[in-house]
There are 2 protein chains.
Amino acid sequence: MKNPLQSYPGYLLRRAAVSRLAQLEKRLEPLGLGATEASILTLVHHNPDISQAECGRLLSIQRPNLNPIIRRLIERELVASSKGVGRALCLRLTDTGTALALQAITEFEAHEERIYAAVPEHLRADLIPLLMALWAPQ
Amino acid sequence: MKNPLQSYPGYLLRRAAVSRLAQLEKRLEPLGLGATEASILTLVHHNPDISQAECGRLLSIQRPNLNPIIRRLIERELVASSKGVGRALCLRLTDTGTALALQAITEFEAHEERIYAAVPEHLRADLIPLLMALWAPQ
DNA sequence: TATTGTTATACTCTATAACTATA
DNA sequence: TATAGTTATAGAGTATAACAATA
């Protein structure tokens, strides 16, 4: 039995993404973080006082879906919020949140290394621009 | 505001996969097919008398999840089933199913072309092996 | 017994509508 | 009014357990 879809780049792209995400989540599990939560911590770490809506835009998560995720991070005291302009909330990491974010970033970078290791050396420099081109155009 | 994850290949991989899948589903919508349904029709078209379980293995869909999808395709008279060995069912496309599968395959190939078009020419031959390498190793 | 099909169920992601609050 | 946060809800997709049917 043969899978004819394995010659389609779109199918392989999806399979690769699913497989690598699962691999990452396995590594993040000891930190008690999912990939989305780890992404948010990283984003807030790099952008103190970012709003919830801005987080959602940068991570392509819609506000109604992001809300309970952020609330859980606040409940866990990894993120703290203060009032911003309008109804906006400014998000910052707590000390615990910062410590966990740094661990998450370490895992992200190890993950990045694993992915690069799977790519033939002469193609590594092309990987990021290639994936951006596959994402961007529509 | 900057998204630090955009320098991680794993993040870009996921974004690209989601974006391209959405693009494909838009093209398949006029056929009344989702990407999964179109994949199954293509698979059965290339492997007449394939079983449901084998479909699931090749497409990485677990049997309990595949069951209602196949049943819907049978209800729509795109797929017909006959008894195989054990409890297995042999799946085949009906004439309507074959006609629709051919249209779906045309859409898959157009999709493939769009993806290749986004890739710099000197990297096109590397695309499939690259994505397979990103999928496979773990 | 091993494999397949089936049912039930639960959890996560995602999508939309509608509401409240504030510059 | 426009933007942000919030709530409710519905639909995919995915995961596990358990049962039925058949070689």
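Letters go in sequence order (proteins before strands), and every chain restarts at 1. Keep in mind it's a predicted model, so treat the numbers as computed, not measured.
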What is the distance, to the nearest angstrom, from the [atom1] atom on [X] to the [atom2] atom on [N]?
X: B:Lys83; N: D:dA20; atom1: NZ; atom2: C1'; result: 13 Å
X: A:Leu21; N: D:dA15; atom1: CG; atom2: P; result: 11 Å
X: A:Glu29; N: C:dT12; atom1: CD; atom2: P; result: 12 Å
X: A:Gln52; N: C:dT22; atom1: CD; atom2: P; result: 15 Å
X: B:Leu33; N: D:dA12; atom1: CG; atom2: C1'; result: 16 Å
X: A:Leu89; N: C:dA21; atom1: CG; atom2: C1'; result: 11 Å
X: A:Leu91; N: D:dT6; atom1: CG; atom2: C1'; result: 14 Å
X: A:Glu75; N: D:dT6; atom1: CD; atom2: C1'; result: 14 Å

Discussion item. Ignoring hydrogens and geometry beyond distance, is the side chain of A:Arg87 in donor-acceptor contact with the base of C:dA23 at under 3.5 Å?
Written reply: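 No, the side chain and the base share no sub-3.5 Å donor-acceptor pair.
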
Worksheet item: Which ones in residues 56-73 of chain B lie close to DNA chain C, meaning a heavy atom under 4.0 Å from one of its atoms?
Response: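 Under 4.0 Å from DNA chain C: B:Arg57, B:Arg63, B:Pro64, B:Asn67, B:Arg71.
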
Discussion item. Same cluster or not: A:Leu102 versus A:Leu78, using hydrophobic residues (I, L, V, M, F, W, Y) connected whenever any side-chain heavy atoms lie under 4.5 Å apart?
Written reply: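 Different hydrophobic clusters.
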
Worksheet item: Would B:Leu134 and A:Met132 show up in the same hydrophobic cluster when neighbours are defined by side-chain heavy atoms closer than 4.5 Å?
Response: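 Yes.
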
Worksheet entry | Side chain of B:Ala53 - closest among C:dG5, D:dG13, D:dA4 |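 The answer is C:dG5, which lies nearest to the side chain.
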
Worksheet item: Are B:Arg63 and B:Gln52 close enough, and set up right, to give a side chain to side chain contact (heavy atoms under 4.5 Å, CB included), and what steps lead you there?
Response: CA-CA 7 Å; B:Arg63 286 184 306 290; B:Gln52 197 170 303; 5.8 Å; no

Worksheet item: Using 4.0 Å as the upper bound for N to carboxylate O, is an ion pair formed by A:Lys26 and A:Glu29?
Response: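 Looking at A:Lys26 together with A:Glu29, the answer is no, because their closest N to O distance does not fall below 4.0 Å.
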
Worksheet item: Would B:Arg57 and B:Glu54 pass as an ion pair if we require N to O under 4.0 Å?
Response: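 Here B:Arg57 pairs with B:Glu54 in a salt bridge, since their nearest N and O are under 4.0 Å apart.
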
Worksheet entry | Touch class at under 4.0 angstrom, heavy-atom based, for A:Thr36 against every strand present |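 A:Thr36: no heavy atom of the nucleic acid under 4.0 Å.
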
Practice prompt. Would you indicate whether A:Glu25, at its atom CD, is surrounded by more than 12 heavy atoms from other residues, nucleotides or ligands within a distance under 6.0 Å?
Written response: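 Counting other residues, nucleotides and ligands, CD of A:Glu25 exceeds 12 neighbours.
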
Discussion item. Closer than 3.5 angstrom, by distance alone: can the side chain of A:Asn65 be matched with the main-chain N or O of A:Ile61 as a donor-acceptor pair?
Written reply: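 Not a single qualifying donor-acceptor pair exists.
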
